[in-house]
Amino acid sequence: MNARAFRHVGVRRVGAAAAVTSLALLLTACGGEEKKTEDTGKADASASAAAKPDVKALPAAELEKLVVEQADLKGYQVKKTEAADVLNAGDVSADKAACEPLAEAFASAAPGTPGASAHRRAIQVPDKKTGSLDDALGALAAPITSVTLGSYAGEGAQQAFASLKAAGTACAGGFTAHGGGTTHKVSKVTPETLTAGDEALAWTIKSENEGESFVTKLVVLRKGNNLAGFSTLSLAGEVKEQPTAVIDAQAAKLR
(Lines give C-alpha, C1' and ligand atoms only; values in the text may rest on other atoms or scores of the structure.)
Protein backbone atom coordinates (compact mmCIF):
# COMPACT_ATOMS: atom_id res chain seq x y z
CA MET A 1 0.00 0.00 0.00
CA ASN A 2 1.73 3.18 -1.15
CA ALA A 3 1.27 6.66 0.32
CA ARG A 4 -1.63 7.62 -1.95
CA ALA A 5 -3.49 4.40 -1.24
CA PHE A 6 -2.68 4.68 2.47
CA ARG A 7 -4.10 8.22 2.52
CA HIS A 8 -7.09 7.80 0.28
CA VAL A 9 -8.18 4.17 0.33
CA GLY A 10 -11.40 5.09 2.17
CA VAL A 11 -12.30 7.88 -0.20
CA ARG A 12 -11.62 5.64 -3.19
CA ARG A 13 -13.30 2.68 -1.43
CA VAL A 14 -10.74 2.14 -0.92
CA GLY A 15 21.53 -8.31 28.32
CA ALA A 16 21.20 -10.66 27.60
CA ALA A 17 23.10 -13.43 29.29
CA ALA A 18 26.92 -13.14 29.04
CA ALA A 19 29.72 -15.63 29.94
CA VAL A 20 31.55 -14.69 33.19
CA THR A 21 35.24 -15.54 33.77
CA SER A 22 36.26 -16.58 37.26
CA LEU A 23 37.45 -13.54 39.21
CA ALA A 24 39.69 -15.70 41.39
CA LEU A 25 41.51 -17.02 38.34
CA LEU A 26 42.14 -13.51 37.06
CA LEU A 27 43.51 -12.38 40.43
CA THR A 28 45.88 -15.35 40.82
CA ALA A 29 47.11 -15.55 37.23
CA CYS A 30 50.77 -14.64 36.65
CA GLY A 31 51.83 -11.79 34.42
CA GLY A 32 52.70 -14.05 31.49
CA GLU A 33 49.30 -15.74 31.64
CA GLU A 34 47.54 -12.37 31.76
CA LYS A 35 49.33 -11.25 28.63
CA LYS A 36 48.44 -14.52 26.93
CA THR A 37 44.78 -14.06 27.83
CA GLU A 38 44.88 -10.47 26.60
CA ASP A 39 46.48 -11.49 23.33
CA THR A 40 43.95 -14.29 22.89
CA GLY A 41 41.12 -11.82 23.46
CA LYS A 42 42.50 -9.49 20.83
CA ALA A 43 42.87 -12.36 18.39
CA ASP A 44 39.26 -13.44 19.02
CA ALA A 45 38.05 -9.88 18.48
CA SER A 46 40.00 -9.63 15.21
CA ALA A 47 38.60 -12.94 14.03
CA SER A 48 35.07 -11.79 14.88
CA ALA A 49 35.58 -8.56 12.96
CA ALA A 50 36.91 -10.50 9.98
CA ALA A 51 33.88 -12.78 10.09
CA LYS A 52 31.56 -9.76 9.82
CA PRO A 53 32.70 -7.66 6.85
CA ASP A 54 31.63 -4.05 6.52
CA VAL A 55 28.45 -4.45 4.47
CA LYS A 56 27.39 -1.28 2.71
CA ALA A 57 23.91 -0.40 1.49
CA LEU A 58 23.43 -0.28 -2.25
CA PRO A 59 22.94 3.22 -3.68
CA ALA A 60 19.57 4.22 -5.10
CA ALA A 61 20.83 3.88 -8.68
CA GLU A 62 21.71 0.22 -8.10
CA LEU A 63 18.38 -0.52 -6.45
CA GLU A 64 16.57 0.91 -9.46
CA LYS A 65 18.22 -1.82 -11.52
CA LEU A 66 17.15 -4.53 -9.08
CA VAL A 67 13.54 -3.58 -8.41
CA VAL A 68 10.90 -5.39 -10.46
CA GLU A 69 9.98 -3.78 -13.80
CA GLN A 70 7.41 -4.18 -16.57
CA ALA A 71 9.67 -6.55 -18.54
CA ASP A 72 9.81 -8.89 -15.53
CA LEU A 73 6.06 -9.46 -15.26
CA LYS A 74 3.41 -10.70 -17.65
CA GLY A 75 -0.20 -9.89 -16.90
CA TYR A 76 0.70 -6.83 -14.87
CA GLN A 77 1.10 -3.13 -15.48
CA VAL A 78 4.22 -1.98 -13.63
CA LYS A 79 5.05 1.66 -13.01
CA LYS A 80 7.51 3.59 -10.88
CA THR A 81 5.78 5.02 -7.83
CA GLU A 82 5.60 8.80 -7.90
CA ALA A 83 7.74 10.54 -5.29
CA ALA A 84 4.66 12.21 -3.79
CA ASP A 85 3.18 8.76 -3.12
CA VAL A 86 6.21 7.38 -1.27
CA LEU A 87 6.20 7.23 2.52
CA ASN A 88 9.38 6.82 4.55
CA ALA A 89 9.55 5.01 7.89
CA GLY A 90 9.61 8.35 9.71
CA ASP A 91 6.27 9.28 8.11
CA VAL A 92 4.47 6.32 9.70
CA SER A 93 3.62 5.63 13.34
CA ALA A 94 1.49 3.28 15.42
CA ASP A 95 -0.33 3.56 18.72
CA LYS A 96 1.85 0.70 20.01
CA ALA A 97 5.63 1.10 19.65
CA ALA A 98 6.08 -2.63 19.04
CA CYS A 99 3.80 -2.37 15.99
CA GLU A 100 5.62 0.45 14.20
CA PRO A 101 7.74 -1.85 11.96
CA LEU A 102 4.57 -3.59 10.79
CA ALA A 103 2.80 -0.26 10.26
CA GLU A 104 5.74 0.91 8.12
CA ALA A 105 5.63 -2.17 5.92
CA PHE A 106 1.82 -1.95 5.71
CA ALA A 107 2.21 1.61 4.36
CA SER A 108 4.86 0.43 1.85
CA ALA A 109 7.67 2.28 3.62
CA ALA A 110 11.01 0.48 3.88
CA PRO A 111 11.15 -0.45 7.59
CA GLY A 112 14.02 0.51 9.84
CA THR A 113 16.86 2.64 8.48
CA PRO A 114 17.64 1.72 4.87
CA GLY A 115 20.46 3.46 3.05
CA ALA A 116 18.23 3.74 -0.02
CA SER A 117 14.94 2.41 -1.37
CA ALA A 118 13.12 1.93 -4.67
CA HIS A 119 9.37 1.70 -5.24
CA ARG A 120 7.08 0.22 -7.90
CA ARG A 121 3.36 -0.37 -8.30
CA ALA A 122 2.18 -3.52 -10.06
CA ILE A 123 -1.48 -3.76 -11.10
CA GLN A 124 -2.84 -7.11 -12.19
CA VAL A 125 -4.48 -6.80 -15.61
CA PRO A 126 -7.86 -8.58 -16.03
CA ASP A 127 -7.93 -11.27 -18.72
CA LYS A 128 -11.05 -10.01 -20.49
CA LYS A 129 -11.01 -6.77 -22.47
CA THR A 130 -14.42 -6.46 -24.10
CA GLY A 131 -15.13 -2.94 -22.91
CA SER A 132 -18.15 -4.11 -20.93
CA LEU A 133 -19.27 -2.69 -17.60
CA ASP A 134 -18.32 -5.96 -15.91
CA ASP A 135 -14.79 -5.70 -17.28
CA ALA A 136 -14.54 -2.10 -16.09
CA LEU A 137 -15.66 -3.05 -12.61
CA GLY A 138 -13.24 -5.97 -12.66
CA ALA A 139 -10.39 -3.63 -13.52
CA LEU A 140 -11.26 -1.42 -10.56
CA ALA A 141 -11.19 -4.44 -8.29
CA ALA A 142 -7.86 -5.72 -9.67
CA PRO A 143 -5.20 -6.32 -7.00
CA ILE A 144 -2.62 -3.54 -6.69
CA THR A 145 0.77 -4.50 -5.26
CA SER A 146 3.10 -1.83 -3.96
CA VAL A 147 6.68 -3.10 -4.12
CA THR A 148 9.30 -1.57 -1.81
CA LEU A 149 12.96 -2.55 -2.13
CA GLY A 150 15.34 -1.29 0.57
CA SER A 151 19.08 -1.82 1.02
CA TYR A 152 20.75 -1.69 4.43
CA ALA A 153 24.27 -1.24 5.82
CA GLY A 154 25.79 -3.69 8.30
CA GLU A 155 23.14 -5.94 9.80
CA GLY A 156 20.35 -3.42 9.26
CA ALA A 157 18.32 -5.75 7.04
CA GLN A 158 18.49 -8.60 9.55
CA GLN A 159 17.52 -6.25 12.37
CA ALA A 160 14.60 -4.80 10.43
CA PHE A 161 13.40 -8.29 9.54
CA ALA A 162 13.64 -9.39 13.18
CA SER A 163 11.61 -6.36 14.28
CA LEU A 164 8.92 -7.23 11.74
CA LYS A 165 8.80 -10.84 12.94
CA ALA A 166 8.40 -9.68 16.54
CA ALA A 167 5.74 -7.14 15.53
CA GLY A 168 3.73 -9.77 13.69
CA THR A 169 3.45 -11.73 16.92
CA ALA A 170 3.00 -8.83 19.34
CA CYS A 171 0.39 -7.10 17.19
CA ALA A 172 -1.75 -10.04 16.11
CA GLY A 173 -4.72 -8.53 17.91
CA GLY A 174 -4.49 -5.26 16.03
CA PHE A 175 -3.15 -1.71 16.25
CA THR A 176 -3.78 1.73 14.82
CA ALA A 177 -1.49 3.02 12.09
CA HIS A 178 -1.02 6.68 11.18
CA GLY A 179 0.60 7.93 7.99
CA GLY A 180 0.04 10.16 4.99
CA GLY A 181 -2.58 12.17 6.87
CA THR A 182 -4.87 9.24 7.53
CA THR A 183 -5.54 6.54 10.11
CA HIS A 184 -6.03 2.82 9.61
CA LYS A 185 -7.42 0.66 12.38
CA VAL A 186 -5.99 -2.83 12.04
CA SER A 187 -8.19 -5.38 13.75
CA LYS A 188 -6.30 -8.60 13.01
CA VAL A 189 -2.89 -9.75 11.76
CA THR A 190 -2.85 -13.39 10.66
CA PRO A 191 0.44 -15.08 9.71
CA GLU A 192 0.75 -16.99 6.46
CA THR A 193 3.33 -19.38 5.03
CA LEU A 194 5.87 -18.25 2.45
CA THR A 195 9.29 -19.45 1.32
CA ALA A 196 11.38 -16.86 -0.52
CA GLY A 197 14.83 -15.27 -0.39
CA ASP A 198 16.97 -16.01 2.66
CA GLU A 199 13.92 -15.67 4.90
CA ALA A 200 10.40 -14.37 4.48
CA LEU A 201 7.29 -13.30 6.39
CA ALA A 202 3.69 -13.02 5.27
CA TRP A 203 0.41 -11.91 6.83
CA THR A 204 -3.22 -11.22 6.04
CA ILE A 205 -4.19 -7.89 7.57
CA LYS A 206 -7.77 -6.84 8.25
CA SER A 207 -8.21 -3.08 8.61
CA GLU A 208 -10.75 -0.28 8.48
CA ASN A 209 -10.49 3.23 7.07
CA GLU A 210 -13.34 5.74 7.17
CA GLY A 211 -15.91 3.03 7.68
CA GLU A 212 -14.65 0.81 4.87
CA SER A 213 -13.21 -2.63 5.60
CA PHE A 214 -10.19 -4.02 3.76
CA VAL A 215 -8.20 -7.26 3.64
CA THR A 216 -4.57 -6.76 2.61
CA LYS A 217 -1.84 -9.27 1.89
CA LEU A 218 1.54 -8.16 3.28
CA VAL A 219 4.81 -9.95 2.46
CA VAL A 220 8.44 -9.14 3.33
CA LEU A 221 11.45 -11.13 2.18
CA ARG A 222 15.14 -10.66 2.94
CA LYS A 223 17.94 -11.46 0.52
CA GLY A 224 21.37 -10.57 1.89
CA ASN A 225 21.24 -6.96 3.05
CA ASN A 226 18.14 -6.13 0.99
CA LEU A 227 14.50 -6.25 2.06
CA ALA A 228 11.64 -6.46 -0.42
CA GLY A 229 8.13 -5.63 0.77
CA PHE A 230 4.84 -6.33 -1.02
CA SER A 231 1.58 -4.75 0.15
CA THR A 232 -1.38 -5.86 -1.93
CA LEU A 233 -4.86 -4.33 -1.80
CA SER A 234 -7.97 -4.09 -3.92
CA LEU A 235 -10.32 -1.14 -4.20
CA ALA A 236 -13.08 -3.74 -3.91
CA GLY A 237 -11.93 -4.30 -0.33
CA GLU A 238 -10.42 -7.79 -0.24
CA VAL A 239 -7.37 -9.60 -1.61
CA LYS A 240 -7.57 -13.39 -1.43
CA GLU A 241 -4.10 -14.45 -2.59
CA GLN A 242 -0.48 -13.43 -2.18
CA PRO A 243 0.97 -11.73 -5.28
CA THR A 244 3.03 -14.82 -6.11
CA ALA A 245 4.08 -13.70 -9.58
CA VAL A 246 5.33 -10.34 -8.29
CA ILE A 247 7.17 -11.95 -5.37
CA ASP A 248 8.85 -14.56 -7.60
CA ALA A 249 9.89 -11.95 -10.15
CA GLN A 250 11.43 -9.69 -7.51
CA ALA A 251 13.14 -12.59 -5.70
CA ALA A 252 14.70 -13.70 -9.00
CA LYS A 253 16.29 -10.26 -9.50
CA LEU A 254 17.88 -10.40 -6.04
CA ARG A 255 19.76 -13.68 -6.55
Side-chain angles (χ1 to χ4, degrees), residues 2-3 15-19 39-69 72 78 80-81 83 86-94 97-120 122 145-170 191 193-203 218-231 243 246-255:
N2 58 32
D39 291 343
T40 301
K42 290 180 178 179
D44 290 344
S46 298
S48 178
K52 295 182 180 180
D54 183 18
V55 178
K56 298 184 182 299
L58 293 175
E62 290 300 314
L63 281 183
E64 288 293 330
K65 298 175 183 179
L66 289 175
V67 71
V68 69
E69 296 285 7
D72 304 315
V78 183
K80 183 175 182 178
T81 307
V86 174
L87 287 177
N88 296 312
D91 301 323
V92 184
S93 64
C99 302
E100 287 196 0
L102 197 58
E104 291 164 359
F106 181 54
S108 295
T113 55
S117 61
H119 305 261
R120 293 293 185 271
T145 299
S146 293
V147 183
T148 302
L149 181 61
S151 188
Y152 300 73
E155 296 186 352
Q158 291 89 335
Q159 292 167 356
F161 187 90
S163 70
L164 282 165
K165 187 175 183 178
T169 300
T193 301
L194 176 69
T195 300
D198 293 332
E199 51 186 347
L201 294 165
W203 306 272
L218 181 61
V219 171
V220 178
L221 69 85
R222 182 185 67 81
K223 183 64 180 179
N225 63 320
N226 302 311
L227 284 185
F230 311 84
S231 184
V246 184
I247 295 169
D248 291 346
Q250 182 60 78
K253 298 191 75 170
L254 294 176
R255 289 175 183 170

Heavy atoms only: give me the nearest [X]-[Y] pair and the separation to one decimal.
X	Y	value
F161	V220	CE1-O, 3.9 Å
S108	T148	O-OG1, 2.9 Å
P101	A98	CD-O, 3.5 Å

[X]: side chain to side chain contact (heavy atoms under 4.5 Å, CB included) partners, not counting sequence neighbours:
X	result
E69	V67, D72, R120, K253
N88	V86, D91
S93	E100, H178
S151	A57, L58, L63, N225, N226

Would you list the atom pairs, donor with acceptor, under 3.5 Å between side chains in residues 193-203 and any protein atom, with sequence neighbours excluded?
residue : atom : partner : partner atom : Å
D198    : OD1  : K223    : NZ           : 3.4
D198    : OD2  : G224    : N            : 2.7
E199    : OE2  : R222    : NE           : 2.6
E199    : OE2  : R222    : NH2          : 3.2

Test side chain to side chain contact (heavy atoms under 4.5 Å, CB included) on I247 and L221; report intermediate values, then the result. CA-CA 9 Å; I247 295 169; L221 69 85; 4.0 Å; yes

Residues 110-119, side-chain donor-acceptor partners within the protein, below 3.5 Å, at least two apart:
residue : atom : partner : partner atom : Å
S117    : OG   : H119    : NE2          : 3.1

Roughly how far, to the nearest 0.5 Å, is the CZ atom of F230 from the CD atom of Q250?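 Those atoms lie 5.0 Å apart.
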
Steps toward side chain to side chain contact (heavy atoms under 4.5 Å, CB included) verdict (D54, K56): CA-CA 6 Å; D54 183 18; K56 298 184 182 299; 3.3 Å; yes

Could you walk me through whether L149 and L66 satisfy the side chain to side chain contact (heavy atoms under 4.5 Å, CB included) test, starting with their C-alpha distance in whole Å, then the side-chain angles of each, then the deciding distance to 0.1 Å, before giving a yes or no? CA-CA 8 Å; L149 181 61; L66 289 175; 3.9 Å; yes

